[in-house]
Amino acid sequence: MKKVIIGNHAVSWGVQLARAEVIAAYPITPQTQIVEALSEMCASGDLKARFIKVESEHSAMAACIGASATGARAFTATSSQGLALMHELLHWAGGGRLPIVMADVNRAMAPGWTVWTDQNDSLSQRDTGWIQLYCETNQEVLDTTIQAFKLAEAVDLPVMLVLDAFYLSHTSEPVDIPTAAEVDAFLPPRTARYKLDTADPHAYGALTTPAVYMEMRLRQQEAMERARVVLEEIDAEWGRRFGRRYGAIESYRMEGAQLALVTSGTITSTSRQVVNDLRDRGEKVGLVKVRMFRPFPGEALRAALGGVPQVAVLDRNISPGHSGIFAEELRAALYDLPPGRRPAIHGYIVGLGGRDVTPATILDCIARARAAASPSTAPEPEDIWVGVTP
Amino acid sequence: MPEKPAGQDLAHGVPPIAVSSTSTLANRTGSWKYIQPIYQDRVAPCNAACPVGVDIEGCMDLLRRGKLDEARDLMLRENPLPAVTGRVCEHPCHTACSRGAFDEPVNIRAVERMLGERDLGARTNAARPKGDAATPVPAAASRPRRKEKVAVVGSGPAGLACAYHLARLGYAVNVFESDPEPGGRLRYGIPDHKLPRAVLAREIDRIRAAGVTFRCDARLGKNLAWETIERHDAIFIATGAREHEPRDWERHDLPAVRSGLDFLREVRAGEPKAVGQRVVVIGGTDEAVDCARTALRLGSEVVLLFHGAREEMEADAEAVAAACREGLRLECLARPVGLQLAGHASDEQPLEAIESMFEAGEGGLPSTRLVGVACVRVRPPAAGEGGAPGRLTVPGSAFVISADTVLTAAGAEPGCDFLPPDLHRRGFTIRCDEWGRTSKAGLFAGGDVAGEPRTVAHALGAGKRVAIGIDHWLRQRAGESLPEPDPKSLRYGANGNVSITRWRGDDPVPRVNELNEVVPREMLNFAYFTHEPSRHDRWSAPGFGTSALAEVNLGLPPADALAEAKRCLNCGVCNDCDVCMIVCPDVAIHRHAEHGFSLSYKYCKGCGLCVTECPRGAMTMTREGL
């Protein structure tokens with residue numbers, strides 16, 4: 001069934017189809033229509049879930065943790081400062097290996113107060129032990145929401161799916177919504193390996209000594225590594241069932257590319273258009289979209305970008321005092337390529353706080369990368385801020 | 001993915017999450033504490049406020065659990081007349097009810113009435129059907145028979161209560177009543193629209209069924225010899241207060257000026273003298289309002305004259321409002337100063353007897369026909385101004401209320417002329433202690449004749465205390481070694497009325513470590529209660545005249561009364577609500593199969609959450625080991 005829906009409702013549909021059992025949310029801004037629609041689904045009975053209205057995002061995550069610990073399929077959604085307020089509990093969910101799914105509508109962090117998009121909110125939570133998946137379209141948002149539950153439950157890790165504020169969250173696009181039966185066949189009910197059980201009481205998350213703590217983190221790391229593989233398996237199954245695939249990364253028109261753009265989120269769609277235009281003019285420009293940020297798909301990126309002379313990373317985020325975060329991670333991942341195959345990596349900071357990233361912005365980045373690469377091949381020592389008032 | 005028990009999914013020697021391999025029972029958190037909670041029931045404020053001494057909270061709890069017969073039996077342990085008090089009690093329990101501070105008090109009186117009517121079969125004024133067996137008395141409350149006989153003189157509420165409790169303690173009880181039927185003030189002083197005769201008769205039947213014998217038309221000093229009484233092992237004097245003390249302005253040799261109590265009595269006896277067309281009732285008591293409403297029902301125009309402001313009236317405000325709806329004209333802040341008579345001469349009625357500011361009748365000669373009551377307006381004293389209430393006359397405010405009948409309801413006093421002259425008195429009343437013991441051994445007194453508060457409930461409570469006093473005295477005389485009855489432990493919350501169940505020591509309600517103190521309101525956790533308005537008594541339409549003496553307050557249908565009982569917060573008493581068990585972070589609280597909880601001190605770490613969260617203050621924090 002195709003419907004024209006906004007990205008927020010694509011999440012809601014996905015959660016309904018995934019048959020989440022507990023939804024906890026703080027209903028005030030920076031909350032979105034995601035939980036508004038879910039609350040209506042719960043009220044109407046279309047979704048048989050317990051909707052818990054809480055007094056903060058911190059409590060929302062706490063409720064999800066409690067619910068997930070009992071074996072329930074739990075979901076919440078948030079954005080920007082709300083996500084930041086959850087920070088401590090994100091560690092509890094990650095370290096507790098609870099397969100909670102959360103939608104984060106990518107919004108820039110205040111101050112100054114803002115409701116527009118950038119990725120600093122989710123990227124600030126990079127090290128909390130959550131899988132992060134960045135979406136490009138509303139269709140991908142819906143598909144990823146359902147995939148996220150399967151992935152989370154397969155590796156016992158929480159999954160954050162991320163969608164750009166406004167460009168996805170409030171923009172209507174046609175979305176093919178699978179039937180409940182189709183999704184049920186893909187995603188069976190959750191079977192928890194560990195759950196709170198009064199008949200078999202155990203202490204969870206209790207004091208852990210140096211003798212075992214490190215091993216527990218190692219197991220978390222191994223689960224993350226396994227998630228790379230499992231994501232591909234799940235994505236392949238999704239493709240078989242629904243005819244759409246996304247992968248951890250996507251290479252677009254990379255045949256013989258002399259310059260590759262690396263993007264995430266909705267900048268990818270604009271970049272596809274630029275790549276098409278340049279390819280039409282015979283220029284060898286390609287695109288690599290990063291969908292999975294944690295675990296970081298280093299191996300896949302090395303394969304996709306090894307031997308490409310120039311790589312321009314468009315970062316809608318900034319780690320103040322360092323660089324764009326995708327560029328930083330990419331540099332680290334590609335550094336151990338042999339020197340002949342190691343690309344020059346140019347970082348560009350664009351679109352912060354919801355500033356438009358237009359084809360002109362992207363062409364500007366490409367021009368800068370080419371200029372920096374010729375005649376010397378050394379990239380700029382620091383990321384370039386594109387489109388800012390000098 | 002198949003479920004695996006905890007501890008089985010090992011890699012690198014550890015499970016994937018920080019989960020204990022044994023259960024939490026390994027962690028004896030109880031060793032951390034230095035203070036610990038205990039379960040401790042307290043006394044609900046309604047119980048302590050009840051002048052009868054009823055375990056109201058216990059009844060409500062049994063009703064909530066659907067144990068209707070048990071609730072009725074618990075009520076009947078303490079109160080022999082719940083269908084009566086369920087109608088006429090001033091319900092201090094409602095004022096005390098903790099729910100009053102939350103939404104509305106529980107309509108306890110209506111619940112009591114429902115319990116009283118549960119085995120009476122009929123809620124209406126209808127007489128008992130012929131052949132109907134005597135109503136049962138809860139068997140559990142009866143003790144083996146004793147050989148002692150007790151005489152109870154007077155069958156008002158105090159006498160009835162004492163006789164009932166003594167009979168249930170195994171004594172042979174003879175009640176002597178000067179009137180043709182038992183009940184005293186209940187029978188002859190409360191009008192039908194408040195207390196149908198049939199309801200009273202059936203409750204007295206229940207007392208009879210408990211083993212009490214009644215001898216009516218037996219008046220001490222007339223056809224009942226003191227020697228007959230003296231042949232009993234103990235005597236309870238509960239003769240009430242019915243002697244009228246006339247006021248100076250009353251011309252009581254006029255048949256048109258009558259005691260309100262006599263008027264009520266005649267109507268109750270079914271032989272009313274014709275009441276006039278225009279009646280003035282004087283007084284602000286319940287008795288005055290009873291007279292007024294009865295006269296209204298007999299078709300009269302009625303004015304009630306009261307020297308104070310309306311809100312100063314002693315009478316139940318609801319009854320005053322109802323009377324006004326029924327057509328009563330209320331004249332507050334006014335007092336009578338004399339009677340106005342029609343102008344026939346009569347030498348037998350000297351004018352000097354009347355303190356009147358009016359010339360009586362045409363030609364200035366007195367007559368015997370009352371035509372009006374001369375009144376003046378009075379005002380309350382201003383701040384700093386002296387003067388008795390009702391005595392500050394407003395100058396030039398004289399007015400006349402046209403009347404052919406005056407009913408005075410200024411109260412009555414006990415009469416003790418028939419008693420042994422050496423009995424110690426205090427004014428009109430007999431001097432006795434709280435167990436009714438007078439200056440003569442074996443002679444007890446209580447109720448109005450002992451100067452106690454004049455309500456039905458107080459009289460029932462007094463009768464019960466005296467029953468304890470008599471039981472104690474007789475058993476001691478029979479050689480049992482008994483300590484003095486301890487009022488602090490027998491009275492609810494130390495200051496309420498006594499519980500005969502506590503005296504007997506056979507409480508059917510399980511109590512945990514009971515502390516005989518009223519639970520303070522601060523110990524209640526109102527966060528656990530939801531607002532629910534009270535179900536108020538249903539009233540008949542104000543149809544005086546037509547339905548004559550029919551009852552006006554219809555109480556509540558049983559289902560509504562039951563719903564009211566379920567509004568009870570069970571202040572101070574564990575009602576198995578599970579909150580303690582739910583909030584205990586150490587799973588140290590376990591529910592018993594029947595009632596109550598046990599606390600595992602091995603795991604209780606003394607956090608006190610259960611005590612803080614207990615909705616009804618039925619737990620206490622204590623020092624460990626105390």
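Bear in mind that the values here come from a model prediction, so they are computed numbers and not experimental data.
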Donor + acceptor pair across side chains of Arg42(B), Thr620(B) (<3.5 Å) =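 Yes - a donor-acceptor pair under 3.5 Å links their side chains.
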Can you tell which part of Ala203(A) gets under 4.5 Å to a heavy atom of chain B, answering side chain, backbone, both or neither?
->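 Both backbone and side chain.
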Please state whether the rings of Phe526(B) and Phe102(B) are parallel, tilted or perpendicular, taking 30° and 60° as the class boundaries.
->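 Answer is parallel, since the angle falls under 30°.
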Going by the angle between their ring planes, with limits at 30° and 60°, are Tyr39(B) and Phe597(B) parallel, tilted or perpendicular?
->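 If you compare the ring of Tyr39(B) with that of Phe597(B), the planes turn out parallel.
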On the ring face of Phe186(A), is Lys150(A) found with NZ or CZ under 6.0 Å from the centre and within 45° of the axis?
->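 Lys150(A) over Phe186(A) ring: yes.
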Heavy-atom count around Tyr213(A) OH within 6.0 Å, excluding the residue itself: above 12?
->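 No, because the 6.0 Å sphere around OH of Tyr213(A) holds 12 heavy atoms or fewer from other groups.
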Does a salt bridge link Glu153(A) with Arg73(A), judged by any charged N lying under 4.0 Å from a carboxylate O?
->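 Yes, charged N to carboxylate O under 4.0 Å.
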For chain B, which residues from residues 214-229 of chain A lie under 4.5 Å away (heavy-atom distances)?
->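 Residues in range: Glu215(A), Met216(A), Leu218(A), Arg219(A), Glu222(A).
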